[in-house]
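Remarks on the structure that follows.
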Number of protein chains: 4
Amino acid sequence: MAVAGKRKLRRPEKADANRKGLFQAAAYVVGKHGYANASIGRITERCGLAQGTFYLYFDSRQDLFDQLLPAVGEEMIAYVSKAVHGSRDYFDVERRGLSAFFDYLTKNSGFFRILYESDSVSPEATRTHYENLARKYLKVLERARAEHQIRALTNVERDVLIYVLMGARDYLYRNLVLRGGADETRRNEIVEAFVSILRNGIGPEQTTP
Amino acid sequence: MAVAGKRKLRRPEKADANRKGLFQAAAYVVGKHGYANASIGRITERCGLAQGTFYLYFDSRQDLFDQLLPAVGEEMIAYVSKAVHGSRDYFDVERRGLSAFFDYLTKNSGFFRILYESDSVSPEATRTHYENLARKYLKVLERARAEHQIRALTNVERDVLIYVLMGARDYLYRNLVLRGGADETRRNEIVEAFVSILRNGIGPEQTTP
Amino acid sequence: MAVAGKRKLRRPEKADANRKGLFQAAAYVVGKHGYANASIGRITERCGLAQGTFYLYFDSRQDLFDQLLPAVGEEMIAYVSKAVHGSRDYFDVERRGLSAFFDYLTKNSGFFRILYESDSVSPEATRTHYENLARKYLKVLERARAEHQIRALTNVERDVLIYVLMGARDYLYRNLVLRGGADETRRNEIVEAFVSILRNGIGPEQTTP
Amino acid sequence: MAVAGKRKLRRPEKADANRKGLFQAAAYVVGKHGYANASIGRITERCGLAQGTFYLYFDSRQDLFDQLLPAVGEEMIAYVSKAVHGSRDYFDVERRGLSAFFDYLTKNSGFFRILYESDSVSPEATRTHYENLARKYLKVLERARAEHQIRALTNVERDVLIYVLMGARDYLYRNLVLRGGADETRRNEIVEAFVSILRNGIGPEQTTP
DNA sequence: CATGAATGAGGATTCATTCAT
DNA sequence: CATGAATGAATCCTCATTCAT
């Protein structure tokens, strides 16, 4: 894809590897120490490059930060997307999606720090990430509605729903899974409880007359 | 006690005023520039004190950061609590609560930055804040249930619900209100849509047989 | 002693106690942390006074430092003088003097730090202290010579001797007693060895023809 | 190798020059103003480097202080060693040694300040220096004894002697040469007087019966 | 006399960025 | 392309000293 530029691009593998290495190192360092403590020195040291080399791949520290969250965000989205593939129905998608999200974060504990601090460090990057995510949710919801697996929603309801779902994953992970130290069983309970509330709401029981 | 011409503050009053001034200045500066850029110089300058004076009130910059979120968090909680006072029923509480939350943040735009970055800067402060918040939600839910305004929930469902509600406020504000630039009307629609989903869930319509 | 000034000197005991307390606290703090880290805050805290009070008794931090070594030095000299009282002869004076010096320092471990750093912090104070000390040595030596307990010395020899004796006490204590961790027995050996060298020198034995 | 036009230093040469320059500047500044006032700024300014550059060569200010005395100490020892080379006998070594010591200090007036304050600033560095010095003295004494130029000494006497000699150089220089402002002639008298006392001690004359 | 809050200058250290090699 | 030495601005914290109470 893309028209090949005419410029010399010899040894492109090496260059790509360096660039990728810098991203990975940055993800690690930011995830562990935060943006504020993610110095160029720390990042380049981690991937075995010299400090000056950094500037061959990024214009500035800020430039890296502007690209970091979208990059790691895509990875997370891909991970979850793969996990929900082949779900029975919409609620199964949510079930598996939340579960996969928990998995991903357990394995990539730095993700949240990148996500959270990114808001201040690079609002643009944050916006991009959330847009990517919202697009994904939208597609899933439209399909679910097309197949009558969920009730009809107004446009506003749909928008609200998207961010409620997003916020839920975030807050449930951070507060109940991470801070609560939930084991496998507990995690499943959390997932089921979430799906139950999502499906039924919490309105009062119909009192049969 | 207190003829109190407005002129001169007594010693302890002055101390209180200084401490409070530092908190306010810190909230402003952190909200606007982030913890990383919230230098003692910026903070003290904003409230008209000398840099050294800072250390009469806080042990260190970290000490301030450890106290900041709980302090502003309480303010936010108090604001919302006051707004929901006198609600008709539980769903009215949620309606007014979300609305008041939007209000508060519109007026205190720095709150989210303080909240978000606090997670890395002072995990303890963040934990305290979320605990304060969770306690509040729990009380409201228990009362709602006691008055049969919501359906019976398992313990897990209740815990999940609390964080879904918290996350919803957060994500709805940031993505739809703030980023979406919602006006009064749109805000109300958002609030109503949220309450509707909360009450009914999104399960498919009962197809009458 | 001294003619009473006409100025009001009410409550002089309290004032004297404070002044003395400041000296003691300063000796402790400087001895333990060094002049550089002997802040007014630390000193006044140790003797239970407010920081500002310090300036009622001393013009400045430097003023205190200018008086500190002579003050503690006199104490040391007095301690040693008392110990040598009643000695058999000159070499007994040296023997007991060195021993008492070791004792004093063991009990007042901060003395050396005050002495050593004083040279840079307050050359004047240091000069005064060494002069006090030299005067003492001189008196002892003159008497010893008068009683033919030591051989005749030229003026230069006498001056040299005084500082050799002073230096010996210093270096023997620091290197053999303190750093070497000498016990009672070892200390006595050191003292005797010193007196032996002092008395006889280290010239080669007379080879009897 | 090296054509080496004088113009440009190669990388590693430059590094060596910088390190050396920092040491020299530090020796000057500490000697003149004391450790406490030897700020990185003063030191780097003196050798024409930027403040940050300091940290390419030393881990911290303390790291420099830990290396300073041993470094200048070796220089002093080397200077004296060279001066005593070719002495007639042991007492000639002491004569020339003391004289060279006076010379060295006259030319390097900061040495003593480095030495004295080092005790508090870096005990380890001080220990190292005195050990280096003691080793030197020991070697000289053992040789002198082997050649029967001095009388037999017990082990304790030998240890005591070493530190008496060290202390003598120190105290004689500081009190008689430096403070006393001794000229060439007076210095020689001092040296001779010292050697005389060292050789013969100060015991009373043998009264021939 | 005594207090201690307030000041503001000073200093160690870190780090993004540049540039000669 | 890659390096890493050099820079110097920025920032937290300490502390001697002053002064209103």
Side-chain angles (χ1 to χ4, degrees), chain A residues 8 10-12 14-15 18 36-45 48-64, chain B residues 8-12 14-15 18 36-45 48-64, chain C residues 8-12 14-15 18 36-45 48-64, chain D residues 8-12 14-15 18-19 36-45 48-64:
Chain A
K8 279 214 177 179
R10 285 304 73 181
R11 286 175 283 187
K14 185 81 183 301
N18 281 349
N37 301 309
S39 61
I40 308 294
R42 269 219 252 238
I43 293 169
T44 51
E45 186 190 29
L49 293 172
Q51 290 208 38
T53 307
F54 178 90
Y55 291 89
L56 298 175
Y57 296 94
F58 298 95
D59 286 345
S60 68
R61 189 172 173 253
Q62 183 63 43
D63 181 35
L64 164 68
Chain B
K8 288 286 176 189
L9 296 172
R10 307 234 164 270
R11 275 272 193 94
K14 186 138 173 254
N18 281 347
N37 302 308
S39 63
I40 308 294
R42 273 221 251 237
I43 294 169
T44 50
E45 185 191 30
L49 292 173
Q51 295 209 25
T53 307
F54 177 89
Y55 293 89
L56 295 175
Y57 296 94
F58 298 95
D59 286 343
S60 65
R61 191 173 172 249
Q62 183 62 42
D63 182 34
L64 165 68
Chain C
K8 280 216 176 180
L9 274 187
R10 285 304 75 181
R11 285 174 283 186
K14 184 83 181 302
N18 281 350
N37 302 308
S39 61
I40 308 293
R42 270 217 252 239
I43 294 169
T44 51
E45 185 190 29
L49 293 172
Q51 290 208 36
T53 307
F54 178 89
Y55 291 89
L56 298 174
Y57 296 94
F58 298 94
D59 288 343
S60 67
R61 190 173 172 252
Q62 183 62 43
D63 181 34
L64 164 67
Chain D
K8 289 286 175 188
L9 294 173
R10 307 232 165 273
R11 275 272 192 90
K14 186 139 173 250
N18 282 346
R19 174 177 289 276
N37 302 308
S39 64
I40 307 294
R42 271 220 253 237
I43 294 169
T44 51
E45 186 190 30
L49 292 172
Q51 294 210 26
T53 306
F54 177 89
Y55 291 90
L56 295 176
Y57 296 93
F58 298 95
D59 286 344
S60 66
R61 192 172 170 252
Q62 182 63 43
D63 181 35
L64 165 69

Ignoring hydrogens and angles, write down the donor-acceptor pairs under 3.5 Å from the side chains of residues 49-59 of chain B, residues two or more places apart or on other chains.
| unit_1 | atom_1 | unit_2 | atom_2 | d |
| --- | --- | --- | --- | --- |
| B:Thr53 | OG1 | B:Ala50 | O | 3.4 |
| B:Tyr57 | OH | B:Asn18 | ND2 | 3.0 |

Next item on the list: Output, in order, the C-alpha distance, side-chain angles, deciding distance and verdict of side-chain contact (heavy atoms from CB on, under 4.5 Å) for B:Ile43 and B:Arg61.
Entry: CA-CA 10 Å; B:Ile43 294 169; B:Arg61 191 173 172 249; over 6 Å; no
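Following rounding to the nearest Å, D:Ile40 (CD1) and F:dA9 (C1') show an atom-to-atom distance of 16 Å. The CZ-C1' distance, from C:Arg61 to F:dC15, rounds to 8 Å in whole Å. C:Arg42 has its CZ atom 19 Å from the P atom of E:dG4, to the nearest Å. Following rounding to the nearest Å, A:Tyr55 (OH) and E:dC19 (P) show an atom-to-atom distance of 13 Å. Summarising the geometry, the separation between CG on C:Leu56 and P on E:dT3 is reported as 9 Å, rounded to the nearest angstrom. Remark: P of E:dA12 and CG of D:Leu64 are 11 Å apart, rounded to the nearest angstrom. Across the protein-nucleic acid pair, D:Phe58 atom CZ and F:dA5 atom C1' stand 15 Å apart, rounded to whole Å. The nearest whole Å value for the distance from the CD atom in A:Gln51 to the C1' atom in E:dC15 is 8 Å.
Heavy-atom contacts from other residues, nucleotides or ligands closer than 6.0 Å to CD of C:Gln62 number more than 12.
Nearest-nucleotide assignment on DNA chain E puts the 5′-proximal partner with C:Thr53, out of A:Ser60 and C:Thr53. Nucleotides of DNA chain F nearest to C:Gln62 and A:Tyr57 differ in position, and the one nearer the 5' end is that of A:Tyr57. Summary of the strand contacts: B:Gly52 and D:Ala36 both lie near DNA chain E, and taking for each the nucleotide with the nearest heavy atom, the more 5' one is attributed to B:Gly52.
For DNA chain E, if you chain together Watson-Crick or G-U pairs that step i with j, i+1 with j-1 and so on, the runs of at least three with distances under 3.5 Å are E:2-21 with F:2-21.
Relative to the side chain of B:Leu49, the nucleotides E:dG4, E:dT7, F:dT7 differ in distance, and E:dT7 lies closest.
We find the OG-CD1 distance between D:Ser60 and D:Ile40 to be 8.0 Å, quoted to the nearest 0.5 Å.
Between F:dA5 and D:Asn18, no contact under 4.0 Å exists linking OP1 or OP2 to a side-chain N or O.
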